[in-house]
Amino acid sequence: MFHAAEQTKETTPHPERVLKEVFGLPSFRGQQGEIIRHAVDGGDAVVLLPTGAGKSLCYQIPALCRDGTGIVVSPLIALMRDQVEALRQSGVRAAALNSTLTQDEASDIRRALTAGELDLLYVTPERLVSDGFMAFLSRVKVALFAIDEAHCISQWGHDFRPEYMQLAVLRERFPGVPRLALTATADPQTRDDLIHRLQLDDACIFSASFDRPNIRYTIVRKDNAKHQLRAFLDDHRGASGIVYCLSRKKVEETAEWLTAQGIRALPYHAGLDRSIRDRHQDAFLKDEGPVLVATIAFGMGIDKPDVRFVAHLDLPSSIEAYYQETGRAGRDGLPSFAWMAYGMGDVTQRRRMIDEGGSPEAVKQVERAKLDALLHVCETAACRRQALLAHFGETHDGRCGNCDACLTPSEMWDGTEAAQKALSAIYRTGQKFGAGHVIDVLRGNKSEKVERFGHDTLPTFGVGKDIDQKGWQSVFRQLAARGLISADHAAFGALKLEESARPVLQGQQKVEFRRDPVSSGKRRASRSGDAEASGSPEEETLFQALRAERLRLAREQGVPPYVIFHDTSLREMARRRPSSVDDMADIPGVGSAKIARYGEAFVAVVLSER
Ligand code: ADP
Ligand code: ZN
C-alpha cells in the first residue's frame, strides 16, 4: 500500500495521485491509465509496448494501490537491482530476492513480506516457482504478479529461458490474483506463444505501435569501418552508447583502437573475466559517457534510460535482433541514434554462419529468410522505419523524416545494363570467383590471376570501365541483397547466379540501383548534441552543472546517476530554473521523496549558476 502520511489504511490510493506524489509525473502516457485501472480492479493483462513506453509503472502503480505486495518476475539480477534502487529513491518499499543475497538478508526480506512491509518484491523465475517459496507465498497477501520480459517464455524469441515455462502454475496456485505479462517483443509468433503458455487467453491485451520515433536509423556502406565509426562517435562525444561487434576478438580490437584514439571504450564479452565484465558494466551504468564495445552477450536487462546511441559494426542476424539491439537506445524518449556499417563481407559471413551452423535444414531456411529481410532494410532506398515496421506487420506512410533515407534520399540509377554485365562476367568466369576478381575482369585489369585463367580473352573483359571499383562493389552488394546472386562459402566466396537472375540476363527485367552516398569525413548536419540541447547556451551550462551534482550524489551512494534523476528531469530543471524546493514539485520525475532528499541540493546548483 501507498504510504503518504495522510493516507489512511481504509482508502485505496488513487492511481493518478500515486503517479504525481510518488513518481512526480503529471499524467499517464498512452494506455498506461487504462492498463493500471484494469489491474487495480483485479484484471489480467498482456502489455505489449515498445521499449521506453513506460511499462514499469503499469504494474508498480497497481501494486501500490492494491492491498498486499506486488511480486515482479524479472530474468536478470542486474535489472532487478536497478529497478529496486530507483523505487527506493522514490520512497517505495521495494526489495529483490535472488541468489546474490546471504541467508540473513533473504530471511529479512521474508520477514518484511510476512509483516506486510513491502510494496514490491522482485524475484527470479526459478526462485518464485521453487516449492518452498510457493508455499511461503500462499501465506502472504499478494497484490499482483507482474511477469516482466514475458517473451522469455517463448522458444521463438531469442531470449528463451526454460524457467519461465513454470510460471504457468501461477494461475492455478493463486486464483484471483491479477497477472500482468509485459514485453517489448514485437513479432506476432512470440506474442501468441506467450499468451498461450502463461494461460492468459482471457486477459485483456494492450498493444501499441512499436515505432520508436526518437531513434534515428542510419545504415551506411562499409568503407573503412573503424574510421566511419570514429566519425560517428565524434558526433556523440560524452554520450553513452554501445558498439556491437560479432566476435570477441573484434570487440577487443575495436575497444583498443578507440582507446588509442582517445575515446574511453570498454570491452564486454562472455570470454572476459567475470570481475572485468562487472566492472565495465558498472562503469557504463554509473559513469557519464564511456562507450561499451560488446558482443550481444551484453544488453538484455540493461535498463539504462540514457543510452544515446547503438552502433553496429557487424550485421545482426535478423530484423528482430536489430530492432531489439537498437531499441536499447533512447528509453527516456530523448533523441537517440542507431547506426550501422555494413558491407558485402557481412553478408557472406552471416550466410556462412547459417550454412555451417548446426540447425536442421528447415531452421536454416528460416534463418536465411530472416537475413534476407534484414538485407532488404539495409539496401532499401525508401524509409528505413517503414521497412522495419512493415516487418512487424505495421504500416507507416514512410516519410518519417528521421532516418538516413528520409534525410538524404538516395539517387537511383538504371542499372539494367550494369547488372547484365556483372551477371554475365560471373557466368563466363565459371561461377568460381569472388567479387574482387570478377570486378578486375569487368574493369579490364590484367591482374596475375586474370592472365593465369585467360580471362582477358573473354568478351566481358573490360566492358565495365565506366564504373569504378567501388561502384561495382555496390552493384554486387545490391545484386546479393536482392537474391540475384549468392556467395558460396564452401568455395571461398565464389559468386553464383540464382534463378531470379535469368530474366535480368535475358533482358526481360529492369534493375534499379541505389547510388551510395559519398562518405566523407565532413561533420553531418545534425549532431546528437544539438538535438538534445534544444535550449540556450546558459541552459546547457546549467544542465551540465546539474549533471555534475547528480554524478556526485550517485557516487556517494554507489548507484547509477539515472536512479536519482533522469536526463529529462534535469533538462526541465535547466529550462525552468526552480529557485525553491516548492518550484521543484512541477518538474516531471520529481516525486515527494526525491524533493525531500535532493530538492535543496539541486536548487542550490540552480541558484549558484545565475
Ligand atoms: P519500458 O519498461 O516500457 O521500456 P520504462 O518503464 O523503463 O519503459 O519507462 C521508460 C521511461 O519513461 C522512464 O524514463 C520513465 O520514467 C518514463 N515514463 C514512464 N511513464 C511516464 C509518464 N506517464 N510520464 C512521463 N514519463 C514517463
Ligand atoms: Zn524514414
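What you see is a predicted model, and the numbers here were worked out from it, not measured in a lab. Just the heavy atoms: all of them, side chains too, but no hydrogens, waters or symmetry mates, feed the values below.
Remark: Arg264 engages Asp287 in a salt bridge, criterion side-chain N to carboxylate O under 4.0 Å. Look at Asp273 and Arg277 and you find no salt bridge, because none of the NZ, NE, NH1 or NH2 atoms lies under 4.0 Å from a carboxylate O. Electrostatic pairing of Glu252 and Arg248 does not count as a salt bridge here, judged by no charged N lying under 4.0 Å from a carboxylate O. A salt bridge links Arg502 and Glu499; the closest N-O separation between the charged side-chain nitrogens and carboxylate oxygens is under 4.0 Å. In this structure, Asp567 does not pair ionically with Arg571, as no charged nitrogen and carboxylate oxygen lie closer than 4.0 Å. A salt bridge between Asp372 and Lys370 is absent, with no side-chain N of the basic residue lying under 4.0 Å from a carboxylate O of the acidic one. Contact check on Asp397 versus Arg399 returns a salt bridge, with a Lys/Arg side-chain nitrogen under 4.0 Å from an Asp/Glu carboxylate oxygen.
The main-chain N or O of Thr568 is never found under 3.5 Å from a side-chain atom of His566 such that the two would form a donor-acceptor pair. When atom types are taken as modelled, the side chain of Arg384 and the backbone of Ile219 share a donor-acceptor pair closer than 3.5 angstrom. A donor-acceptor distance shorter than 3.5 angstrom exists from the side chain of Thr457 to the backbone of Gly454, with no hydrogens or angles considered. One N or O on the side chain of Arg212 and one on the backbone of Ala329 form a donor-acceptor pair closer than 3.5 Å. For the pair Asp468 (side chain) and Gly471 (backbone), a donor-acceptor distance under 3.5 Å is present. At distances below 3.5 Å, at least one donor-acceptor pair connects side-chain atoms of Thr541 with backbone N or O atoms of Pro537. Side chain of His280 to main chain of Leu266: no donor-acceptor pair is present (N/O by atom type, distance under 3.5 Å, no hydrogens or angles). For Lys304 (side chain) and Tyr562 (main-chain N/O), no donor-acceptor pair under 3.5 Å exists by modelled atom type.
For residues 426-442, the set of pairs meeting the side-chain hydrogen bond (donor to acceptor under 3.5 Å, both in side chains) definition, not counting sequence neighbours, comprises His437-His455, Asp440-Asn445. Counting only residues at least two apart or on different chains, the ring-ring contact (aromatic ring centres under 6.0 Å, His included) pairs with a member in residues 242-261 are His227-Trp257, Tyr244-His312. For residues 357-368, the salt bridge (Lys or Arg N to Asp or Glu O under 4.0 Å) pairs, not counting sequence neighbours, are Asp355-Arg368, Glu361-Arg368.
Side chains of Ser474 and Gln478: a donor on one and an acceptor on the other come within 3.5 Å. Neither side chain, Thr295 nor His269, offers a donor N or O lying under 3.5 Å from an acceptor on the other. Side-chain atoms of Glu320 and Gln324 include no donor-acceptor pair closer than 3.5 Å. For the residue pair Ser154 and Asp193, a side-chain donor N or O sits within less than 3.5 Å of a side-chain acceptor on the partner.
The aromatic rings of Tyr322 and Tyr217 lie tilted to each other, with the angle between the two planes from 30° to 60°. Relative ring orientation between Phe513 and Trp413 is described as tilted, the plane-to-plane angle lying within the 30° to 60° band.
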Next item on the list: Might you work through the ring pair (Phe, Tyr, Trp, His ring centres under 6.0 Å) test for Phe210 and Phe392, ending with a clear yes or no?
Entry: CA-CA 8 Å; Phe210 272 72; Phe392 301 122; 7.1 Å; no
Notebook entry, point to check: So Phe433 and Phe453, ring pair (Phe, Tyr, Trp, His ring centres under 6.0 Å) or not? Walk me through it.
Noted result: CA-CA 11 Å; Phe433 299 89; Phe453 288 97; 5.0 Å; yes
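Arg477 places a side-chain heavy atom less than 4.5 Å from the side chain of Glu379. Between Ile276 and Arg279, some side-chain heavy-atom pair lies under the 4.5 Å cut-off. Within the 4.5 Å cutoff, side-chain heavy atoms of Tyr342 are placed close to those of Leu375.
The two residues Leu388 and Val377 have their closest heavy-atom pair at CD2-CG1, 4.0 Å.
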